[in-house]
Amino acid sequence: MEKNVIEEGEELISRREALKKMGALAATAAISVSGVSALASCAPAAAASDKTLKVLLINGSARRNGNTFTLLSEIAKQLKKNSIESKIVGVGNRPVRGCIACGQCHAKQLGKCTFDDDICNEIIDKMAECDAVIVGAPVYYGQPAGQLLAVVQRMCYSAGNKLQGKPASAVAVCRRGGATAAYQTLLMPFQMLNMPIVTSQYWNIGYGGAEGEVSQDAEGLQTMRTLADNMAYMLKQFATGTAKFPERERGKFTNFIR
Ligand SMILES: Cc1cc2nc3c(=O)[nH]c(=O)nc-3n(C[C@H](O)[C@H](O)[C@H](O)COP(=O)(O)O)c2cc1C
């Protein structure tokens, strides 16, 4: 099966280096090894783990280099500027099952879906390694694309313990309408899993129809960068308690893409 995974890890600095950069090594906060699920204790900073903070970006479009990918790439670039690693995983264009409520994942305590014949468990494995998640979807008939919903529902049901407490967000892209409804739908499972929701200067939506067209949506792209800054801030704040609130760009205001 096509992996559809893009690594965004090159030249990234470790969590310890990130802390140094933030001037946090001089401070008293320490990072819990489990990452973001616990707030920093007052142990010496030297005890900080070298674990790099990572965000999983799930592309819910079958168009590998489409508009959802463009928005997630903008987030990945901005996370990198904040010394946060990220990885874009696509649901791809192969069939994806929906949850059939068989309950095998719980009955057998699998920690993943009992069906191992599509991308879902691969995404769950990647999620387990990450400290936060952002899902992105194209809008289909005012809703997030079905493949992504199928993956997210199975992931939350079978592997909710790997998501609990991790910051989460969502991104929707459409040609003209339905993005806010899709955006809200995407957030709903995370709101049932004690996941802090990361927001931006606006709802996390972009406008574009043809592949890549969303790159003309200057405000949409800025919204993604602000989201990435806020995600980085939340992750670092949870890890150290000493993160600096992000500086803001001058606001862009566009009507659709102009
Ligand atoms: C089946 C289908 C339904 C769509 N429904 C909507 C819609 O309700 N509203 C809208 O503005 N665009 C709609 N679109 C357009 C896509 O949301 C838009 O092209 C988006 O940028 C695709 O993202 P992608 O390039 O990441 O796949 C639809 C496209 C398809 C294929």
Check: Is it true that E247 and K244 make a salt bridge, defined as a side-chain N closer than 4.0 Å to a carboxylate O?
Finding: yes
Paired with S61, the side-chain contact (heavy atoms from CB on, under 4.5 Å) test is passed by just one of N67, L71, T68, namely T68
The side-chain contact (heavy atoms from CB on, under 4.5 Å) partner of L163 among L193, I124, V152 is L193
message = One thing to verify: whether K162 and D125 come together as a salt bridge, which I'm taking to mean a side-chain N less than 4.0 angstrom from a carboxylate O.
response = no
- Would you please test V89 and L56 for side chain to side chain contact (heavy atoms under 4.5 Å, CB included) and show each step? CA-CA 7 Å; V89 187; L56 185 69; 3.3 Å; yes
Strictly by modelled atom types, are Q78 and D229 linked by a side-chain donor-acceptor pair under 3.5 Å?
yes
message: Under 3.5 Å, is there a donor on one side chain and an acceptor on the other for T199 and N230?
response: no
Practice task
Might you work through the side chain to side chain contact (heavy atoms under 4.5 Å, CB included) test for D117 and R97, ending with a clear yes or no?
Solution key: CA-CA 9 Å; D117 54 2; R97 286 173 181 272; 3.2 Å; yes
For the pair D118 and R154, evaluate salt bridge (Lys or Arg N to Asp or Glu O under 4.0 Å) and give the outcome as yes or no after the intermediate values. CA-CA 11 Å; D118 62 23; R154 284 165 62 205; 2.8 Å; yes
Report task. Decide side-chain hydrogen bond (donor to acceptor under 3.5 Å, both in side chains) for N204 and S169; before the verdict, give the C-alpha distance in whole Å, the side-chain angles of both, and the deciding distance to 0.1 Å. Result -> CA-CA 9 Å; N204 304 325; S169 195; 3.1 Å; yes
Here the gap from L187 atom CG to I197 atom CD1, rounded to the nearest 0.5 Å, amounts to 5.0 Å
Of all heavy-atom pairs linking L148 and A137, the shortest is CD2-CB, 3.6 Å
List the steps, then state whether side chain to side chain contact (heavy atoms under 4.5 Å, CB included) holds for K54 with K87. CA-CA 8 Å; K54 289 187 210 150; K87 191 176 281 182; 5.5 Å; no
Checklist entry - So, E213 side chain and A210 main chain: donor-acceptor pair closer than 3.5 Å or not? => result yes
TODO: Ignoring hydrogens and angles, state whether a donor on the side chain of E85 or T52 is under 3.5 Å from an acceptor on the partner side chain.
DONE: no
